Every structure is written in C-alpha cells, then in structure tokens.
Protein chains: 4
Amino acid sequence: MRRTVRETMRETVRVAILDAAEELIAKHGLHAAALVQIAKRAGVAVGTLYNYFTDRDALIRGLFESRRTTLRPKLLAAIHAGADLPFEPRLRLFMHELLAAFESHRGFLKIAIENEHLVPPGSTTAQDLLAGVTALITAGVREGVIAADKAELLPLVVTGAIKAIIVQRLQDGGELTGDADAIVAILLDGIRSAAP
Amino acid sequence: MRRTVRETMRETVRVAILDAAEELIAKHGLHAAALVQIAKRAGVAVGTLYNYFTDRDALIRGLFESRRTTLRPKLLAAIHAGADLPFEPRLRLFMHELLAAFESHRGFLKIAIENEHLVPPGSTTAQDLLAGVTALITAGVREGVIAADKAELLPLVVTGAIKAIIVQRLQDGGELTGDADAIVAILLDGIRSAAP
Amino acid sequence: MRRTVRETMRETVRVAILDAAEELIAKHGLHAAALVQIAKRAGVAVGTLYNYFTDRDALIRGLFESRRTTLRPKLLAAIHAGADLPFEPRLRLFMHELLAAFESHRGFLKIAIENEHLVPPGSTTAQDLLAGVTALITAGVREGVIAADKAELLPLVVTGAIKAIIVQRLQDGGELTGDADAIVAILLDGIRSAAP
Amino acid sequence: MRRTVRETMRETVRVAILDAAEELIAKHGLHAAALVQIAKRAGVAVGTLYNYFTDRDALIRGLFESRRTTLRPKLLAAIHAGADLPFEPRLRLFMHELLAAFESHRGFLKIAIENEHLVPPGSTTAQDLLAGVTALITAGVREGVIAADKAELLPLVVTGAIKAIIVQRLQDGGELTGDADAIVAILLDGIRSAAP
DNA sequence: TATGAATGAGCATTCATTCAT
DNA sequence: GATGAATGAATGCTCATTCAT
C-alpha cells in the first residue's frame, strides 16, 4: 500500500513535468523550451527531471508517448466506430470522432505537427492516424467504393488534408469539429461540385 | 568591367553560402546547422558569412528568399499555364508543372515544410502555393465546376495533400512528377471511385 | 541553519568572483579582462559567473557596488568625524581618515579612477567623495572660513587634487596616508608659502 | 616637385585619418571606435590605414603624438609667457594661455584624459603639462614665493585641479577659459577666504 | 598605393547534464 | 528522492589584420 502511494506521487510529478513541457514547447517551440523552465513550471528542480527521464530527449519522447497513449484508443475507437456501417457514413463518423478527440489535445497537436520530422517514425500519433485512415480506405476498397489504384496515395491525401485544416484551426482558434462534414464532402466527391 | 568581375565573385560566394546552408539544414535541421559548419562547407571563414548577411537570421531569410525567387516565377507560370483551358486539364497541367518545378528544389522543400511554422507568414513559398491554388479554384468556381461552398476549405485540402505527398517522396526518394496524375484524379473525383 | 550554510558559500563564491575581477581589471584594464580569465582566477567555471550576475555588465556593476558599499560608510564617517571641530582640524581629520580608508582599496581605486567616464553617474564612489567634500566645504562657508564665491569650483579642485595624488602613489607604490598633511597644507593656504 | 605634391597628399590623408579617429574615439570611446568606421569617416579604405600606420596601436599613438605636436609649443609658450613677470601674474597668464590653447582641442582632451592610463608615460601632453607646471613652481620657489617643502606635491595638485575642471567643462559644455581666474585664486590662496 | 573582401582568434552567453548536500 | 549550484562544450558574433586585385 505504501508502495502504491509512493507510485501515485511519482506519477503525479511525471504528469506535471510532461504538462509543463507540453505547455512551454507549444508556446515557444521545441528548442526554446529549456529544462530549467520546464522544471520551474512543473514545480520541481532541474535535477528532479533526471529522476524521471534519462535526458532531455527522453523527456520529449516521454511527452509524445504519453499523449499517444491517450490518443490512440480514441483513434482506434473512431476507426472501429461504424465498422458495420457502409463506407460513407463510417467515414463521416470517423472524422467527427477523430476531430473531437483531437480537440482536447490542441497543444500537443501543435507540437506533434511542427516537429513531425524530428521524431523517429514508427510510433507516432501521425503514424497512428495514417494507419487508421489506411485501414478505413482498405475497407472501402474491399467494399468496392474505392478504386484500388487510388489506394496508395489516398491515405496520404486524406491525412495531409486533415493536418492542413488542423493547422489552420490551431492558428485561427476555430473549433476542429466544425469542419468534419465539409472535409468529408470534399474527400468523398472531390473538387468537382458534382451536384446534380 | 572590373566592377562586374568583383560582383560576379560576390554572387558566387553568396550562392556557395546559401547552398551550404541549404544542404546542412536539410540534413541536420535548422537549429543544428552551426555557422562554423556552414562556413566550412561553403569554403569560407565564419567572418565572411557576415560580409553577406547581417546575422544568422538574415542568412536563413536569405536562403528562403533566394529559393522563393527561383520558384515563384515557375509557380506563377504553372498557374497561368492553361489559363484558356477548361478547369480540369488546367489543373492537370498545373500539377505537372508544379511538381516538375519542385523536383529541382527537393532540399529546400524539406527545409521549407519542416520549418513552415517558424518563418513569419506573408512571403513564403508555401503562401505562394496556397495563393496559386486558391486562384485556380476561384477560376473553377467561376467556371461552375466547383461548388462555391467548398471554396473555403478546398485550397487547404489541396495544398495539404500536395505537401503530404511531397514529404513522402522526399523520404522514399521517389520522383515528385510521377504522382501528378494520381493526385489530380483523387482531387477531382474524390475518394469514391465513381466507377466508370 | 542549513540554509545559512548554503548562503555563506554563495557569498564566498561571489566574493571570490569580484576579487578576481578586481585583480584582473586592475592589472589589464576593464576591457581586457575576459570572463574566462575571471572565472579561472576565481576558481569557478564560466557558467558559474552567470549564476551570480546576469551578464558581464552586471558583474562589473556588482564590483563597483560592492566596493562602494564598503567604502561609503568609511567615507561618511570621515566626513562627520570632527563635525564639532572647527573647519581646519576637521579637514585634516577628514583627509587622514579618507586616505586611510582608501589605502585598503588600492586595486579598486585604480579601476574606479581609470573608468570613471564609463560608469553612469549617480552612485559612484567618486560621486560620494565629491559629495562629501562639497558638504565639508559648505560647512566651511557657513563657518565663514571659506569665501562663498569659491564654493563652486573648490570641490572639483579638492577632489581633483586628491585623485592626482592617489594616482601618483598607486604608481610609485607609496602610502596614501603619508600625504594627508601636505595636501591639507596646500589646500588650506594655497601655493603661496604665506611666509611665517 | 612631383615628390612634394605626393607628400602633401600623403599628409592630407594622414590628417584625415587622425581627425576621423579623434572624432570617433571622443564620441564612442577608445575601444568602440573600429578601424572600419575610422576608415569610412576618413574617406579611405581599411587597408589604407595600414599604409600610414603599422597597426591600430600605432594609429592611436600617432593621434596622441600629432596632437601633442600641436599643443606642446603653445604649452611652452604659455610657460615662458611672462618669464620676466613676478610669479603671481605669471601664473595667471599661464593659466589663461593654457586654457585658451586647450579650448581648441576639446575632443582630444577628452580622449587624453579618459585614456591617460593606457598610454605609456614619457611623452604625453599630460606629462608636458606636469613638466610645465613644475617648471613654473620651481621658478616660484626660486623667487621665494613658494615654500620649498610644498614643491613636491604642488605640481600634482595643480594639474589635478586643472584636469578636474576640464572634465567638468567638457561635460557641461562650458568654456574652459572662463575658469582661469577662479582657479588661480584658489591655487594661490587656498581654501581659506583670506578675508579682507 | 588604394581597395575591401576574407580571415580566424577571441569573446560573451546559453544550457543540458552532473553531483554534493 | 529532491535540490539547485557548478560545469564547460558549443554557438553566434566582432574586429584587427592580411592580401589579391
């Protein structure tokens, strides 16, 4: 029991550190966030950081992993949400749930997108997103809604579009969820108004 | 004449410096490229850098401006390329010329995309691209090919998609131009294969 | 108590840094004393200097303030020393105490005099001295010993004379106090021997 | 003849360089005056400076020597001015002529006083002044007007007083000559009003 | 001789990391 | 474990000096 209490406190401090890092990095950039400042904002001493992370890099990685751990289940849930629905409503549902999940991680999204090129690929939220979209599209292909020859680039296009809109809304302060339907409409039918 | 020779040499050195900066930043990141290294790779001394740029920031800005100066005319040409063509072939032409122009600026594209969030907006290649795409889409709306209500997000979606694919090809080494038709197909008709 | 120990050490290091700075500046000049050398002589690393002073300028200011803090009380004491004595013996007393106080600050005096023109006026030892002498002379005027019309330039003359002699003794290594009576004699009666 | 023309031009450039140096050093300080700026103000290129002076130090020395060459004769003239007059009027005359001579060298005086400690002793204007005053006082001693035992410190006191007042007038912009009589009065009779 | 671009040693400053308390 | 002062390598920048033209 005593052990559990101690572990709880450890976890509390860890969370405080990561939150502080997230805030500062989101505000000033990855490089401009000095460890002393992160420590100060977390309410601990610099040395303490090294009791939780082996070095600066590990702390950053810890931040990415931590957020990914929170986001991944929601992302998976969004993907499997309408597994029994046909492609179109399923995509719509996915987009809504996805953006809703992202809404509460604006700070981290900023960081993740700005520093995508720095984190080694293989286990990032960006890759989770790409994987999810790919899965969705594969389902669409299986369903016959999507032409197989489009399947290679489509995931890139979809995630690219999503990111672009996220960046825009992060900047202008607009809500992410508001764009869900519009994005889906564009993605489904393309540029052409198609209309009747 | 003497004057011209000297100016030619000045320009040569300037180019060497910017090329060195581009290479190093593309390889190691904007922050990791130290001036000593840039100088060494350019074959000059540190102090020389300061004969061409007032400080590090000005050098970086110089790099962006230099590349933009090369790219912008090509980008504008791509946009006005098929001004008399109907929307669809015009978009196709644009995408081909755009990616062809980008092909020779791979290093800079990497830098520009990775550091988009750092450069003050208003005069970047990214903005040039966005402006071009927006112009194209406006034309499409006027032509009745594009539904007006899509016009707000469409430019973001299109540029986002283009960037995503560029990033991918930059990583896997693939040619940019190879994807032009596929991108256009996706953008035009959307995800749905729409069958024949 | 623990707190006190740490603070004592901090103070020790601070003193070591200022002493090192004083020595080096006195020997090589204000500008020639590099921070690395100051740090080395103080027995600390360069970075440590920045734990005590925000930058080089602050360190120099710290040195001036530190010495002024030591000297000012002595200077004030010298001025008020014979407040109830008539002007002449009071001046004599002042000069003796002043030079005695200065004797233990030879290094700093050199620095202060050599760089008088660099430090912003308002809170320097030089100004303290001038103020003190002015006060003394004002008293003399009130006492009727000094003609009011001399009161404007007299402080400048007196402090100028004192400085000149200090500089001389700093150079030839002579004791400052040895000149007290001679200075007073000259100041009181002027150049003219005044005969018997 | 050709040779003479060339030498005249050389001299012109030399003067321009020294004037530029004087101006910049007086305004910004000895250290802050960079050679590039001196060259620019003199209307020549940096490299040209090295055709006239072996290095920065030599240029500074050149400046001091140049001004000394102009000032020394005036100073000597001031000293010998009233060689046949009794001490008192002779001192008065000296002070007037001295300050008048200094009036046209305000810029250089600022430099000379601020950097007295940097120039090696033996051939400075300061030393010329000290020598002159010493000579004057020696004459006074011989004349019986000055007590021999005061003769050691008196020159220091007198020059120190003069410097202090010069510094003051350099700062407040006041004319130097205006203080001549007051200084002499103080020096002659000392602090004491001497009353009637 | 005049020019001014090139040079590089030298300096102030930052910050991740260590470690004695 | 927590603390925060100490460390010193690394970086951007300056400027006296050189030298090809």
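Both backbone and side-chain heavy atoms feed into the values below; hydrogens, waters and symmetry mates do not. Chain naming here is simple, since letters A, B, ... match the order of the sequence lines and numbering starts at 1 in each. Because the structure is a prediction, the values reported are computed rather than measured.
The line from CZ of A/F108 to CD1 of A/I113 is 9.5 Å long, rounded to the nearest 0.5 Å. B/L170 CG to A/H117 NE2: the interatomic distance, rounded to the nearest 0.5 Å, is 12.5 Å. The distance from the NZ atom of D/K110 to the CD atom of D/E114 is 4.0 Å, given to the nearest 0.5 Å. Taken to the nearest 0.5 Å, the OH atom of D/Y52 stands 11.0 Å off from the CG atom of D/L18. If you take CG on B/L30 and CG on B/N115, they are separated by 4.5 Å, rounding to the nearest 0.5 Å.
Closest approach to the D/N51 side chain among F/dT3, F/dT7, E/dA2 is made by E/dA2 (side chain taken as heavy atoms from C-beta onward). Closest to the C/A45 side chain, of the nucleotides F/dG8, F/dA2, E/dG4, is F/dG8.
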Pair assignment for DNA chain F - dot-bracket with | for other-strand partners, Watson-Crick or G-U under 3.5 Å = .||||||||||||||||||||
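Rounded to a whole Å, the CD atom of B/E11 is 14 Å from the P atom of E/dA5. Straight-line distance from the CE atom of B/M9 to the P atom of E/dG4: 15 Å, rounded to whole Å. Between D/K40 atom NZ and F/dC15 atom C1' there is a gap of 14 Å when expressed in whole angstrom units. Counting to the nearest Å, the C1' atom of F/dG1 and the CD atom of A/E7 are 15 Å from each other. C/H28 has its NE2 atom 16 Å from the C1' atom of E/dG10, to the nearest Å. Rounded to an integer number of Å, the gap from CZ of D/F53 to P of E/dT1 is 14 Å.
Here side chain to side chain donor-acceptor pair (under 3.5 Å) pairs that include residues 58-67 of chain B, with residues two or more places apart or in two chains, are B/D19-B/R67, B/E22-B/R67. Applying the side chain to side chain donor-acceptor pair (under 3.5 Å) rule to pairs touching residues 34-48 of chain B yields B/E23-B/R41, sequence neighbours excluded.
Listed by residue number, the members of residues 19-27 of chain C with any heavy atom below 4.0 angstrom from DNA chain F form an empty set.
Residue D/Y52 is classed as a sugar-phosphate contact, given heavy-atom separations below 4.0 Å to backbone atoms only. D/R10 comes within 4.0 angstrom of the backbone, heavy atoms only, and of no base.
Exactly one of D/T125, D/D128, D/T124 qualifies for a side-chain hydrogen bond (donor to acceptor under 3.5 Å, both in side chains) with D/R68. That residue is D/D128.
Side-chain contact between C/I60 and C/I25: present, with at least one pair of heavy atoms (C-beta onward) separated by less than 4.5 Å. Contact of the D/I17 side chain with the D/V13 side chain is registered, since non-hydrogen atoms from C-beta on lie closer than 4.5 Å.
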inquiry  = Output one letter per nucleotide in nucleotides 11-19 of chain E: B when a protein non-hydrogen atom lies under 4.0 Å from the base, S when only the sugar-phosphate is that close, - when neither is.
reply    = -SBB-SBB-
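Shown here are the ring-ring contact (aromatic ring centres under 6.0 Å, His included) partners of A/H31, two or more places apart in sequence or in another chain: B/H31.
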